[in-house]
Amino acid sequence: MAVARRIAPAPELAGLFPRIAPQLPGGGALAEVRERAWRRFLEQGLPSVKVEAWKYSRIPQQVNRPMGLARPETPPAAVVREALAGGPHARRLVFANGIAVPSLAHLGGLPQGVRVLPLEEAIARFPERVAEAFARIEDDRGFTDLNTALCRSGAWIELDPGVELTWPLQLLFVAMGGEAAAMTHPRVVVRLGEGAKLHLIESHVSGRDGAVFTNAVLQAEIGEGARLVLERAVMLDADQTLLDEAVCELAAGARLLANGATLGGGLVRGELEVHFRGEGGEALLNGLYVTRGREHVDTAVRVLHHAGGCHSDQFFKGVLDEQAHAVFAGRITVAPGAQRSDAYQVNRNLLLSDEAEVDTRPELEIEADDVRCTHGATVGCLDPNALFYMRARGLAPEVAEAMLTYAFAAEVVERMVDADLARKVRRAILRRVPGGARLETEGLLEEVPA
Amino acid sequence: MNGKDIPMAMLEIEKLHVSVEGKPIIRGLDLSVDAGEVHAIMGPNGSGKSTLAYVLAGREGYEVTAGTIRFLGQDLLAMEPEERVAAGLFLAMQYPVEIPGVSNMYFLRQAVNAVRKARGEPEIKPGEFMKKLREAAKLVGIPEELLRRDLNTGFSGGEKKRNEILQMAMLEPKLAILDETDSGLDIDALRMVAEAVNRMRSPERAFLVITHYARLLNFLVPDRVHVMIAGRIVKSGGRELADELEAHGYEPFTAEAA
Ligand SMILES: Nc1ncnc2c1ncn2[C@@H]1O[C@H](COP(=O)(O)OP(=O)(O)OP(=O)(O)O)[C@@H](O)[C@H]1O
Ligand SMILES: [Mg+2]
């Protein structure tokens, strides 16, 4: 019997919405959007391995089981302090299991024309606008519908035309495991008016061991000539699952720089979808995953050149140790008529163990003729010539290996904008790479210019 | 002249045979270098000069099928590459490797400390390291900017060679093997590198210089010159042998090799 393309939601999941809908924030139009999303979710179910984009992912099977909904909590102060990024002036919202913690928010002194508020507050103040934003992304991912239906917290970030937020804004998500598995569906809405500028940092850390499934959705509308820097770092525990989707729509001349690093988490799937809606847009997408144990890190990038004259560049690197499994699927779509499109893609993987596994595949759908497009994927080991060279200068083989592995990964970190976040990522790399702890104590990080 | 005070040769190679991928490259090579000496090896392309250098440094993929190598009385072939460095051996490579992501300066400090550690010495103090590095960099004409760049990455051919000599100056080996360090150097750089090597010459230190050009040997006057053909040393002599080679080529020796 053929495997179905969809997995029917488990009964506990299928019965969830009617039970909790009355407690979800927002009525009226938003309730209708939620209702519609829920019905679609029930019809579509969860994607099975028969769906190309989910072929290697274990996530749908893993999360289709009874789970409680996350409850408000306060994350440990030390965990929050450790995870702060964005420099001394950064503003922030902190979430515990996807629910905003008002006492830890720091949003004072935002300039005129910048609105940053927890999503529940946005729903209370302007539910129609939230409903309208939610309805913008109705894709065939069951997980987006699940988020739309069940989301109860998140962030609303809006910049008026011409406004620049000069300090980074950090969204800090702390996963708090408990006795029973919990799931949460935070939603972040970013709207940048014409020429606006924002640097957003999204951090996912663990505040307590234990199973948490975070089904996060971020949607960004980047107006004409506006610029969004979106940096995210994922450092979760082995029993925690993150499904993180970002959908970015770029108007003419808009620019997006997305830098991501996954350095921990049992199952992590990062999806990044970029739509060029107007000419002259630019999207630079950089990503790193350093995995070990039995971690599964899945990266799905989709860049859609609907309009011509846009430039996209995907640069993703991964280091895999032990029995880790990584998937990279990068799709480039150039619509008919989207002439003078530039689309590049690179995925390089370094295998440190025979048992680690990588599935990498580009998918290109080019329907215009005046297009420059290149892609390349590699899966390899450390360069023996480089190893010998370093040993021939006195370095022990394990030190040479650690240094080369670190250097391989750090190439992505060099593209990061926020020095705080970059430093955390560098430290996390060293702590994950065999022999790296020794390099850290020997002052490798002090060599890095801030 | 060293023979009396130091009874052992610094480097003693006897009846060495080396194969690469099953193919014999070095075929019965004997060579002895004493402390305080500079020896030059000249020979046509493919005669096995770099192979010899790599075997001395301990690179994988070279199968020693017969013979022995003793370095300061120790069995060199039993040592790991990094142990050889700690014991005082250094190879300036013909083709230095680019290592993106590792800064030149950081690498040098790691190398210096690794060698010190292996010798049971304390780590070099940051100030002392910087002082020494600046002096050595000046000597070989490496600008500060190149020290901050990633190791050899994007360096010009000549810059890579200078950087090898910089590493040598920092690691202060007892035996330095220079594999065509002069190829790719402009005339001023050649003089600088030769000057750096000359400054390091001492009764305790020896050099094995592989080159195609007698010009280097005008600056860096060798005690002995060896002609290597098809994996063997076919003739040894004083520095005038280099000029003889320059004038007549290897033709007269190929008959002897056969
Ligand atoms: N990895 C290898 N696989 C096969 N053959 C090899 C390998 N390395 C070296 N050789 C061969 O061994 C021989 C000697 O090479 P080697 O590099 O030692 O020469 P060389 O004397 O240094 O030459 P040059 O003056 O051009 O630098 C050559 O014929 C070369 O092709
Ligand atoms: Mg050679």
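Lettering of chains follows the sequences in order, A, B, ..., and the numbering in each one begins at 1. What you see is a predicted model, and the numbers here were worked out from it, not measured in a lab.
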Side chain / backbone / both / neither for [X] at chain A, heavy atoms under 4.5 Å:
X: B:Ala92; value: backbone
X: B:Asn152; value: side chain
X: B:Pro96; value: both
X: B:Leu151; value: side chain
X: B:Ala57; value: both

Within the structure provided, determine whether B:Val97 and A:Phe388 are in side-chain contact (heavy-atom separation under 4.5 Å).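 Not touching, per the 4.5 Å side-chain cut-off.
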With the side chain counted from C-beta on, respond yes when A:Tyr406 and B:Val102 share a heavy-atom pair under 4.5 Å apart, and no when they do not.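 A:Tyr406 does not reach B:Val102 side chain to side chain.
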Would the number of heavy atoms belonging to other residues, nucleotides or ligands and lying under 6.0 Å from [atom1] of [X] be above 12?
X: A:Arg294; atom1: CZ; value: no
X: A:Glu322; atom1: CD; value: yes
X: B:Asp75; atom1: CG; value: yes

Could you walk me through whether A:Arg393 and B:Leu171 satisfy the side chain to side chain contact (heavy atoms under 4.5 Å, CB included) test, starting with their C-alpha distance in whole Å, then the side-chain angles of each, then the deciding distance to 0.1 Å, before giving a yes or no? CA-CA 8 Å; A:Arg393 298 296 174 260; B:Leu171 292 176; 4.2 Å; yes
Atom CE of A:Met390 and atom CD of B:Gln110: how far apart are they, to the nearest 0.5 Å?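 Spacing of CE (A:Met390) from CD (B:Gln110) equals 8.5 Å.
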Report which part of A:Pro397 has an atom under 4.5 Å of a heavy atom belonging to chain B: side chain, backbone, both, or neither.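 When you check distances to chain B, atoms from both the backbone and side chain of A:Pro397 fall under 4.5 Å.
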Proximal component of A:Ala410, with respect to chain B [non-hydrogen, under 4.5 Å]: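 Neither the backbone nor the side chain of A:Ala410 comes within 4.5 Å of chain B.
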Can you see which heavy atom on B:Glu82 is nearest to which on A:Ala396, and at what distance?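 Of all heavy-atom pairs spanning B:Glu82 and A:Ala396, the closest is CG-CA, 4.3 Å.
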When heavy-atom pairs shorter than 4.5 Å are enumerated against chain A, which of B:Ala111, B:Ala114, B:Pro81, B:Gly101 gives the highest number?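 Greatest number of close heavy-atom pairs with chain A: B:Pro81.
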Of all of B:Glu60, B:Glu98, B:Glu80, which one pairs up most often with chain A through heavy atoms under 4.5 Å apart?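 Sorted descending by pairs with chain A, the first entry is B:Glu80.
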If you count heavy-atom pairs under 4.5 Å between each of A:Arg391, A:Glu411, A:Met403, A:Glu414 and chain B, which one has the most?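 Max contact count across the listed options: A:Arg391.
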Start with the C-alpha gap between B:Leu91 and A:Tyr389, add the side-chain angles, then the distance that decides, and say whether side chain to side chain contact (heavy atoms under 4.5 Å, CB included) holds. CA-CA 10 Å; B:Leu91 167 62; A:Tyr389 186 78; over 6 Å; no
Can B:Tyr95 and A:Asn385 be counted as having a side-chain donor-acceptor contact under 3.5 angstrom?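 No, A:Asn385 and B:Tyr95 have no side-chain donor paired with an acceptor closer than 3.5 Å.
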